[in-house]
Protein chains: 2
Amino acid sequence: MTSMSHMEQVVKKLESKGVRPTAMRLLTYKRLAQLEVATSLGELEKDFERSERSTLFRTMKTFEEKGIVHQIEDGTGVIKYALCEDNCECEVGSDLHLHFHCDSCGETVCLTEHKIPSINLPEGYVAEDINLVVKGVCGKCTDDLD
Amino acid sequence: MTSMSHMEQVVKKLESKGVRPTAMRLLTYKRLAQLEVATSLGELEKDFERSERSTLFRTMKTFEEKGIVHQIEDGTGVIKYALCEDNCECEVGSDLHLHFHCDSCGETVCLTEHKIPSINLPEGYVAEDINLVVKGVCGKCTDDLD
DNA sequence: GTTTATGCAAATTCTTTGCAATACT
DNA sequence: AGTATTGCAAAGAATTTGCATAAAC
């Protein structure tokens, strides 16, 4: 058990991915870690007192390139982001999980325990990435309806 | 074997879905039927001599509500549309097929023969729609690389 | 004559880039 | 100093709406 502070852990995390741990990036990372749902740039922008959409945009771009976050298109028309799991390489067949968008509460979550089943493709097709979004009503919202 | 013209068939098709077969709608439908790939509004707009993006937008909205087309978000950031299959009810478990986006040629196709495998969801989650997009290189493009 | 669809213009929304200023090593 | 990051402003691209005209029933 280490005595590293949370902040120190985040710094290490970013550095291990080859990303310089600037103030904005630390803040953004911590916010993403805190959230249990996938988030859009617009939502992140509102979460911070002072923030620039362009900075956030570039932060997420950097994070994505370095394998810290992944994009999700959940059908709402805006891009959402969520942290990758530790040690995730975003590889077809091992890492790719499914996403669930709730039409009731509007939230999109990563169901990281639910990997994408193997998929048949026609002869000659090569899969490099898979995006699976299920829409419906989430557990929280079906509870509310009881 | 009927002697109905193609145009008459399209008229019947739209009427059977409760959509009035106006000139623009017939044109749009025929174009979609002709295309083997999913298409964006922008592409459709260019396909016609005279066309309005707003008219096309509303046409697709109507078509979608009536179950004539389905939307696809293929990761390119623009919404694509493709005709539903005959008798498709877009039902989870029977109708939903997967989509393939080729990073090489940029085309997105419906692999209507490839249904989405059954998916496990956590307790309490209800699926109403599933969107599965596989990205990679399509058969045509892997051929070209030979 | 009433409802429905279309064309045009413009508002919205979100993503993305240019460039100067700032911070970091 | 020299590179990387940020803030601001604004460009781009796509979706969506308001309203007046035109078409269909």
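Each chain gets a letter, A, B and so on, in the order its sequence line appears, and its residues count up from 1. What you see is a predicted model; the values in this text were computed from it and never measured.
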query: Rounded to the Å, how far apart are A/Lys61 NZ and C/dC14 P?
result: 19 Å
- line: Side-chain atoms of B/Phe57 come closest, of C/dT15, C/dT17, D/dT15, to D/dT15
- request: For B/Thr62, report the nucleic acid contact type (base, sugar-phosphate, nothing); a contact means any heavy atom under 4.0 Å.
  value: nothing
task: Specify the separation, in whole Å, of atom CE of B/Met60 and atom P of D/dT17.
output: 17 Å
query: Separation of A/Leu56 atom CG from C/dT16 atom P, in whole Å?
result: 14 Å
message: Without decimals, in angstroms, what is the distance between A/Leu26 CG and C/dC24 C1'?
response: 14 Å
message: At less than 4.0 Å, is any side-chain N or O atom of B/Thr55 found next to OP1 or OP2 of C/dG7? Yes or no.
response: yes
task: Would you indicate what B/Ser40 reaches in the nucleic acid, counting non-hydrogen atoms under 4.0 angstrom: base, sugar-phosphate, or nothing?
output: nothing
query: Between A/Met24 (CE) and C/dC24 (C1'), how many Å, whole number?
result: 17 Å
message: Nearest whole Å is fine: how far is C/dC14 P from B/Glu73 CD?
response: 13 Å
query: OP1 or OP2 of D/dT6 less than 4.0 angstrom from a side-chain nitrogen or oxygen of A/Thr22, does that happen here?
result: yes
Verdict with reasoning, A/Asp47 to A/Arg31, per salt bridge (Lys or Arg N to Asp or Glu O under 4.0 Å): CA-CA 8 Å; A/Asp47 287 345; A/Arg31 179 72 185 137; 2.7 Å; yes
field: Separation of C/dA23 P from A/Leu27 CG (nearest whole Å)
entry: 17 Å
task: Between B/Ser54 and B/Val19, name the one whose nearest nucleotide on DNA chain C is closer to the 5' end.
output: B/Val19
- prompt: What are the two closest heavy atoms between A/Arg20 and A/Arg25, and how far apart are they?
  reply: O-NH1, 3.0 Å
- prompt: Out of D/dT5, C/dT17, C/dT15, which has the shortest distance to the side chain of A/Leu41?
  reply: C/dT15
- request: Examine C/dC24: is either OP1 or OP2 under 4.0 Å from a nitrogen or oxygen in the side chain of A/Arg20? Give yes or no.
  value: no
- prompt: So does B/Glu113 have more than 12 non-hydrogen atoms from other groups sitting under 6.0 Å from CD?
  reply: no
- prompt: Under a 4.5 Å side-chain heavy-atom rule over Ile, Leu, Val, Met, Phe, Trp and Tyr, are B/Ile72 and B/Ile130 clustered together?
  reply: no
query: In terms of side-chain heavy atoms of A/Arg53, which of C/dT15, D/dT6, C/dT6 is nearest?
result: C/dT15
query: In a check of side chain to side chain donor-acceptor pair (under 3.5 Å) between B/Gln71 and each of B/Glu64, B/Lys80, B/Lys61, which one passes?
result: B/Glu64
statement: Closest to the side chain of A/Glu52, out of D/dT6, D/dT15, D/dC8, is D/dC8
message: Any base atoms under 4.0 Å from A/Arg58, or only sugar-phosphate, or nothing? Heavy atoms, all strands.
response: base
